[in-house]
Amino acid sequence: MFQHLEPYAGDPILGLNEAFQKDPRPGKVNLSIGIYFDDAGRIPVLECVRRAEAQMLAESGPKPYLPMEGLAAARSAVQELLFGADHEAVKSGRIATLQTIGSSGGLKVGADFIARWFPGAEVWVSDPTWDNHRAMFEGAGLKVHSYPYYDPASGGVRFDAMLQTISGLPAGSVVLLHACCHNPTGVDLSREQWQALIPVLRKQRLLPYLDLAYQGYGDGIDADAFAPRALADAGIAFFIANSFSKSMSVYGERCGALSVVCTDAAEAALVLGQLQATVRRNYSSPPIHAAGIIARVLGDRELRALWEADVAAMRERILSMRRSLHAILAAKLPGRELGYFLSQRGMFSYTGLSAAQVDRLREEFGVYLIRSGRICIAGLNSGNVERAAEAIAAVMR
Ligand code: KET
């Protein structure tokens with residue numbers, strides 16, 4: 001029956017993370033997957049999440065199906081987090097928000113919605129982008145192209161080329177944008193660049209689709225929501241999938257959301273209805289435990305304060321690892337331009353290492369990163385940064 005199937009080559013990120021787990025070498029270092037590890041190399045369970053879960057356990061409430069769109073308290077908390085409680089778009093009810101199965105679930109529901117209601121629309125992603133973007137949108141039946149983004153020569157954004165490509169897209173094209181902490185490069189648009197891009201998106205009648213997976217890891221929880229707020233201020237309709245996997249360190253709980261900012265409340269109701277239909281046909285409703293975590297951590301003042309402090313501490317730890325890595329590499333590779341390790345934001349740095357250098361790092365040194373040369377800085381800690389930096393310097397020489 002299944003002889004005709006093509007073997008699955010595996011996922012370049014998840015597969016590597018699994019290979020790392022199986023590696024018996026004691027000094028191995030995991031810089032592959034976008035997961036935040038603490039200074040002891042563990043995935044932290046944040047105190048705010050622990051307390052939210054303790055409350056839920058103590059209440060020991062029933063576990064009905066949630067509505068297709070998820071828990072109301074979680075959905076409104078997401079809108080307030082993304083846009084600010086007083087934002088006109090939130091107050092006027094012109095945002096349709098779903099609680100989804102991680103932001104991946106949100107991205108895919110949005111992609112299915114676009115395939116159904118914008119037939120013929122094509123999707124444009126940054127070059128490069130998170131590998132799974134292309135897979136998800138193509139999986140929804142959409143054609144995917146890329147726009148220029150990263151400039152290996154300068155380590156910055158090819159902003160003029162990006163703008164030129166986007167200005168030439170047909171109306172209704174979907175433009176996928178990383179709201180902050182670009183994956184895999186760590187190179188973001190500046191606020192001025194967003195302000196220059198937004199009129200182009202509007203004039204061309206394009207459909208922006210933001211991915212906000214690392215809120216709080218860039219410059220701060222509010223600062224990292226600059227892009228969705230600026231787009232909403234400009235009155236453009238757009239999609240935004242956001243994740244709590246990283247910001248609340250709840251990867252396997254699948255905490256995420258999809259919001260569609262519309263022109264008015266009537267339009268948002270229409271959109272929400274079709275999003276509900278998309279969910280019903282896919283997985284029917286999202287997880288209730290995830291809803292409880294999101295609603296309680298964001299909605300309870302005490303838990304919220306704990307969360308904000310933890311996000312700041314995680315961001316600071318990554319920045320300190322950037323500085324340590326940079327200092328060791330700069331000492332070992334004098335004359336090399338390495339400033340990008342300091343200027344890039346979020347979990348990732350795009351090192352410029354070739355696939356062959358990446359293979360050498362894994363095979364000879366037990367240092368794991370994906371073959372594009374992306375490293376997850378959050379996998380570094382005070383116990384392994386020296387070793388990892390020495391290995392990276394050795395293959396860079
Ligand atoms: N968007 C981006 C940009 C992203 O990097 C990830 C995860 C996701 C969405 C999915 O997050 P979710 O947990 O579904 O809310 N990225 C890391 C893990 C992975 O590949 O799944 C990574 O790039 O390593």
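Note that the structure is predicted; figures quoted are calculated from it, not measured. Ligands are counted one by one from 1 in listed order, and the atoms in each one are counted from 1 as well.
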**Request:** Just need the protein heavy atom nearest to atom 11 (O) of ligand 1, so name the residue and atom and give the distance.
**Result:** Ser103 OG, 3.4 Å

**Nitrogen or oxygen atoms of Arg254 and ligand 1 under 3.5 Å apart** = yes

**Request:** Decide yes or no on salt bridge (Lys or Arg N to Asp or Glu O under 4.0 Å) for Glu18 and Lys22, but give the supporting numbers first.
**Result:** CA-CA 7 Å; Glu18 283 164 24; Lys22 291 190 195 127; 5.2 Å; no

**Complete:** Among Lys246, Glu253, Arg374, the residue with a heavy atom nearest to atom 7 (C) of ligand 1 is Lys246

**Fill in**
A student comparing Tyr251, Trp130, Phe244, Tyr214 should find that the heavy atom closest to atom 20 (O) of ligand 1 comes from Trp130

**Fill in**
Closest heavy-atom pair, Leu275 versus Val260, reported as atoms and distance to 0.1 Å, is CD1-CG2, 3.9 Å

**Message:** Keeping Arg345 on the side-chain end and Asp188 on the backbone end, is there a donor-acceptor pair under 3.5 Å?
**Reply:** no

**Closest protein heavy atom to atom 14 (O) of ligand 1, given as residue, atom name and distance to 0.1 Å** = Ser104 OG, 2.6 Å

**Message:** Does only the side chain of Met347 get under 4.0 Å from ligand 1, or the backbone, or both, or neither? Count heavy atoms.
**Reply:** neither

**Request:** For ligand 1, note which part of Ala213 has a heavy atom under 4.0 Å away: side chain, backbone, both or neither.
**Result:** side chain

**Request:** Please determine if Lys28 forms a cation-pi arrangement with Tyr368, meaning its NZ or CZ atom is less than 6.0 Å from the six-membered ring centre and no more than 45° off the ring axis.
**Result:** no

**Message:** Could you check whether any side-chain N or O of Ser249 sits under 3.5 Å from a backbone N or O of Pro44, counting only pairs where one atom can act as donor and the other as acceptor?
**Reply:** yes

**Prompt:** Is Gly102 close to ligand 1, meaning an N/O of one under 3.5 Å from an N/O of the other?
**Reply:** no

**Prompt:** Is Ile377 close to Met321 at the side-chain level, that is, under 4.5 Å between some pair of heavy atoms?
**Reply:** yes

**Asked** Looking only at heavy atoms, is any part of Ser245 under 4.0 Å from ligand 1, and if so is it the side chain, the backbone, or both, or is it neither?
**Response** side chain

**Prompt:** Of the options Trp124, Phe238, Phe239, which is the one that meets Tyr209 in a ring pair (Phe, Tyr, Trp, His ring centres under 6.0 Å)?
**Reply:** Phe239

**Prompt:** At what distance is the nearest protein heavy atom to atom 24 (O) of ligand 1, and which residue and atom is it?
**Reply:** Gly34 N, 2.7 Å

**Request:** In sequence, state the C-alpha distance, the side-chain angles, and the governing distance for Asp127 and Arg158, and then conclude on salt bridge (Lys or Arg N to Asp or Glu O under 4.0 Å).
**Result:** CA-CA 10 Å; Asp127 174 25; Arg158 296 175 60 197; 5.5 Å; no

**Asked** Relative to ligand 1, is Ile33 under 4.0 angstrom through side chain, backbone, both or neither, heavy atoms considered?
**Response** both

**Prompt:** Heavy atom of Asp211 under 4.0 Å from ligand 1?
**Reply:** yes

